Structure formats: structure tokens, C-alpha cells
Amino acid sequence: VWQRRSAAPALSVMVSTAARRYSTQLPRPAAPLPSQRVEGRRHATDFIEDDETLKNLSHVDKLKLKAMMDSGDVISDVDMEKAVKDRTLDDELLPDFEGGAVERCSQGLVMAKEVMQKGHIAAALNMTEAALRRAYREGTSADKELLDIVAEGHLIAGTVRQRMGNWEAALVHLDAAVQNNPQAAARNPAFYYGQGASNAVLGNLSEALAAWSLCSVAVDEDPSLAAEMPWLRVVLPINIGQTLLRMNKPDAGLDSLIGAERAIADANIPEEFAASARPAVHYYRALCLATKGEHPEACASWHLFDQTKGAADEELLEAKWKERWLQHSVRSLFLAASAMPPDSPKAVEWMDRANAQTLSLIEECPDYGRGWWLRGDCLHTMGDAEGALAAYMKVLDCEDSSTGAIAQSVRVLAGRCLLDLKRPSEAEAMFEEELKQPNPDRRATAGLAAALCEQGGEERLARADAIVKEQMEALRGKESDEAKESKADLTTVGAQSAAQRGESLEDQEKMLLQALGVDPGNPRAQSLLQQVRQQLEEKKKEEAAK
């Protein structure tokens, strides 16, 4: 480009050579608007005048080279090419306005806003960034008026980048604005708010929390800001609560959401906005409660969300919330009902609600594997092993759940359904398939032993007993929930084996009670214990009759 403009073919070669040598004398400035620019100009001028290669350049070419060097742009061949490209692009995007850096940047931003108002977002963004580059090249950090204009430009560019989904570029703009002009950021909460939003999307949760907290402080300390932007008093605690939840701090998240509820109750908040924010409060409150294991309370919040979600502002909710809220709600209903006596009215009510919501979930998202998984869990708990098996097999057909941890868990659950349906040979094949996986689900081992016991035969019983003995030895001393479930499953298999070998019902009852002592909620042990006790009762009646 410089060759074409100056008709000096040797200039680009000279600049490349000079840049490599000059880079050792004038390092790239750290700040975007370096106040050391004057010193840089003097160093660049001395270097050009003293260098044998550059001494014979024309005065115009020396000025061009000096401008590139003292700006800090020319450090390597790549940097040189980028600097030239940026300058050329800026000249094409914006007119060569008269005046200093303040006037030139300000007029560029005004033009960019006019273009944006006409709906040309991408063109306006390019013009805004061109105006900012001009300010960085021509201004200094000592110019406070320029710093305010540049901060405004970064805010505009960052906001547009966010709407375009380019969160990393948006964060660069917003960080630059806050670092160069913290006073402007303190006056306008949009800077910190934008920082928090970009960091949250990018997964920088601590940075997001810090930015939103600073924004919240600014709003609390300035009544005029709270009056001008009352929605921030609601949105900020919702965002902070969501971020704390993602950081696995549900208690702190709940405290923040309580602040959002108080703000919504404030008479200064427009009712239309309050109605759109309430669903988000219910949504994240339910997630916080579920994370804490308080599923009955979470069910109440999910019910409130279901009643208000029609007015929800979707920007306040997480992505794919439509299927996720049903998934989380079903899970809370299922766990809350499972913790109650199965025949209690509340447990029946919640299980029926969970079942209805799984139907809605798979109707709205028929290819969503987790939805079919939850459907299978509900049906299995309600005693419909055939329907549960069909749902679990559907999970393995869905693209998002045909492999990985979900598929492993579902194969185990499908195998258990096959055992309940008295199809032990198919269950054996299902458990064998899971055990062939690279990292199989441990529960498949106990399932395989149970399937072998169900089929009977000396060889299968011997293999089942060997599996139980080996796995119980491996679990010795382990007290995790998963280990307890496996121990209970294996002890239950031992009781099944005892039944196949004709051992006494009393011994079988003792082993099943032992299994339930380790895992009180183990469904297979509960079912078998009920059968054994029925047989014991019949045996007593027969003895009494004799």
C-alpha cells in the first residue's frame, strides 16, 4: 500500500529492515493511549536520521515511517502490515475530518451513530472502530476530553459486538474503556454491566461477579442513576444470583434473588417490567433450592415459574430454558416424591405432575435425550416397567445421548426394567454391553449378577456368586452414595442366589434387611423383601393349619 501511495518501491523493504532493528530501541507502549508518545517521536527521528539505510529517504517518506514507529505499531513485519492495512481501511471508512484527535474521533462517532440509526449495524461498527483507532494513533492519555469520547466509542462498539454474538471482542472494548477512563465507567453503569455480561457468557464467572457488583454499588450510591435506570435494581441481583449459582454458591445466590424480589415490589419499578422479571427470579430461585437438595421448596418455585413464564423476558433466562425448566422441574418433583411414602397423597400428586411434564417435554423436544430419560424414570417409579423400557431405549436413539455418561446410566436402567419384566436373558445382554464400554457404569456388574441368578443353573449361579464376592471385596471401606447403592445391589443378588439354591426364607430376609440397612431406598431389595415376607406369612398360615 505504501509503495503505491508514495511511488517509492524500496520503502517497504526499508521499513521492514528498520522495524526489526528499531524494535530493540523502542518497545511497544503498554497503554492504548501512551503518554510517552512525545519521547517516542524523538527516538524515532534520531533513529531515522542516524541509520545509513534510511538517511536518503525523501522527507515525506521519513515522516510516514516515523509516524508508524512512534505509534508503536511497527514492531515486526506482521505488525507493520496490519498498521498499514488499518490506516488504509480507516481512510476508506471515514472522511479526513479537520481538527485534532478529539474533533476527528468525535465526528467519526457521530457519523457512525447516524449510519446505525439507518439500520446499517455492521457498517456503523466498522466506522466506530475506525474512529477509535484514529484516536489511539493521534491522541494521548493526558487529553481527558478525548478519553471521554473514546470511552463512549468503546461502549458503542462493545454493545454492538455483544448483539452480534462476538463476546470476546465486546469484552476487549469494554475493558479498554474501563481501564483508560474509570471515571466514565463510574458515571455510567452500562460499562460495568456490559463487562459482566461478556464475562458471564465467556465463563469468567469471578470477573462477571466483580463487574456486576461494581455496577450495583454505583447504582446504590447514586440516587439519580437508580431513578434514571430503575430496571438495574432488579436485573443486577438476578444476574448476580445466577452467577453465584453457577459458582456453586446457592445460599449466596438465594440472598441476591431475595434482593431482586424486594426491588420488584418497589413502587418505582414499572409493572410491565416487574412482570417480565418475576419469572427469572422464580427460575433461579428454584435452581438454587434444588442445588441445596430442598426439592419440595424447589417444586413450589417451579410452579410459580410455570404460572408466570408467559410474560418472561427471555434475555434474563439461560439459553434453552424452555426444555431445561421442564427437565429441572421434573427432577425436583421426582426427587421430592421419591423421598415420601409412595402412597402418600402429596407423593402421588407430585409424581403425576412430573409424569405430565415429561410428556410436555418430549412433545416439545422429541429428540432431547434427557427428556426421554426423565420420562423413563417417572414411568418406572409408577410401576410401568414396559413404558419405562421403551423410554430408555428412545434415549439411546437420540443423537445428544446415544453415547457418554447418559447412555451408560440408561443401559443400566433399561437392564433393570428387563429384570422387572422377567426377561433376564435380555437384561444379561444389556448389562454385558455396558461392561464392554471403556469406563462402564459400576452398577452394571450387580445387574449382570442379578440377571444370571434369575436364569438359574449351577454355572450361572456360580458366576453370579463370584461377581458378588469380587465386587464386595473391592467396595470394602468405601462409603460414598454410589458405593452404598452397589453394596445393597450385590447383597440383594446374594439373597436371590440363596433363593435359587433353596436356602431358608429367614436367611433371605436377613440378607435383604442387611441390603436395606446400607441403602434404605433400594427398590429391588424392597420389592424382594416384600415377596419374601409374603411367603413367610403363607408359611406360618400353613403351619398353623397343620
Side-chain angles (χ1 to χ4, degrees), residues 32-33 82 85-139 143-202 211-212 215 218-219 225 228-232 235-236 239 272-273 276 313-316 319:
L33 289 173
K82 183 180 183 305
K85 181 180 178 181
D86 286 345
R87 288 166 188 252
T88 306
L89 178 63
D90 296 348
D91 291 342
E92 293 173 355
L93 290 170
L94 295 173
D96 191 12
F97 298 113
E98 295 183 356
V102 172
E103 292 78 11
R104 285 162 63 80
C105 181
S106 180
Q107 291 180 71
L109 293 178
V110 169
M111 181 175 286
K113 289 179 183 178
E114 292 173 352
V115 172
M116 189 178 298
Q117 289 172 355
K118 295 177 181 178
H120 305 301
I121 305 300
L125 174 63
N126 290 334
M127 294 172 72
T128 301
E129 293 183 339
L132 290 171
R133 286 192 293 268
R134 276 188 176 177
Y136 282 127
R137 286 196 300 267
E138 300 170 10
D143 192 335
K144 302 303 181 185
E145 184 180 1
L146 178 61
L147 287 177
D148 287 341
I149 294 172
V150 167
E152 180 188 1
H154 277 304
L155 179 59
I156 295 170
T159 304
V160 174
R161 288 285 187 186
Q162 285 180 337
R163 294 197 174 276
M164 295 172 70
N166 195 339
W167 296 94
E168 291 182 352
L171 187 58
V172 170
H173 278 293
L174 295 164
D175 283 348
V178 172
Q179 291 166 8
N180 289 330
N181 196 347
Q183 293 80 12
R187 293 192 299 269
N188 186 351
F191 289 98
Y192 290 128
Y193 188 88
Q195 269 190 320
S198 291
N199 277 307
V201 171
L202 295 171
W212 277 328
C215 187
V219 173
L225 287 176
E228 183 181 351
M229 294 177 279
W231 56 273
L232 277 175
V235 173
L236 283 169
N239 290 344
E272 182 179 356
F273 177 75
S276 68
D313 181 352
E314 295 194 18
E315 291 190 5
L316 296 177

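This is a predicted model, so every value here is computed, not measured.
For the pair Asn199/Trp212, no side-chain contact is recorded, criterion being any heavy-atom separation below 4.5 Å from C-beta on. Between His154 and Leu174, every side-chain heavy-atom pair lies at or beyond the 4.5 Å cut-off. At a threshold of 4.5 Å between non-hydrogen side-chain atoms, the residues Met127 and Met116 do not count as touching. Side-chain contact between Val219 and Met229: absent, with no pair of heavy atoms (C-beta onward) separated by less than 4.5 Å. Asp148 has its side chain out of reach of Glu152: every pair of non-hydrogen atoms, C-beta onward, lies at least 4.5 Å apart. Proximity of Met164 to Leu125: side-chain heavy atoms (C-beta onward) are separated by under 4.5 Å at one or more points.
The minimum heavy-atom distance between Thr128 and Gly153, with the atom names listed, is CG2-O, 3.5 Å. Between Tyr192 and Cys215 the shortest heavy-atom distance is CB-CB, 3.7 Å. Between Tyr136 and Ala176, the closest heavy-atom pair is OH-CB, 4.1 Å. Cys105 and Ala131 get closest at one heavy-atom pair: SG-O, 3.6 Å. Closest of all the heavy-atom pairs between Ala135 and Leu146 is CB-CD1, 3.9 Å. Among all heavy-atom pairs drawn from Ala211 and Gly196, the shortest one is CB-N, 3.6 Å.
Note on residues 114-125: no pairs pass salt bridge (charged side-chain N to carboxylate O under 4.0 Å, His left out), not counting sequence neighbours.
Put simply, CZ on Phe97 and CZ on Arg134 are 6.5 Å apart, with the number rounded to the nearest 0.5 Å. Atom CG in Asn126 sits 11.5 Å away from atom CD1 in Ile121 (nearest 0.5 Å). Rounding to the nearest 0.5 angstrom, the gap separating the NE2 atom in His173 from the CG atom in Leu132 is 6.5 Å. The line from CG of Asp175 to CZ of Phe191 is 12.0 Å long, rounded to the nearest 0.5 Å. To the nearest 0.5 Å, atom CZ of residue Arg133 and atom CD of residue Glu129 are 6.5 Å apart.
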Legend entry - Steps toward side-chain contact (heavy atoms from CB on, under 4.5 Å) verdict (Ile149, Val102): CA-CA 7 Å; Ile149 294 172; Val102 172; 3.4 Å; yes

Legend entry - Worked check of side-chain contact (heavy atoms from CB on, under 4.5 Å) between Val110 and Gln107: CA-CA 5 Å; Val110 169; Gln107 291 180 71; 5.6 Å; no

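Paired with Ser198 under the rule side-chain hydrogen bond (donor to acceptor under 3.5 Å, both in side chains), one option of Glu168, Gln162, Arg161 passes, and it is Gln162.
Although no hydrogens or angles enter the test, the distance criterion places no donor-acceptor pair under 3.5 Å between the side chain of Asn188 and the main chain of Ala184.
Ring planes of Trp231 and Tyr193: perpendicular class, angle over 60° (limits at 30 and 60°).
Dense packing is recorded around CD of Glu103, with more than 12 heavy atoms of other residues, nucleotides or ligands lying under 6.0 Å away.
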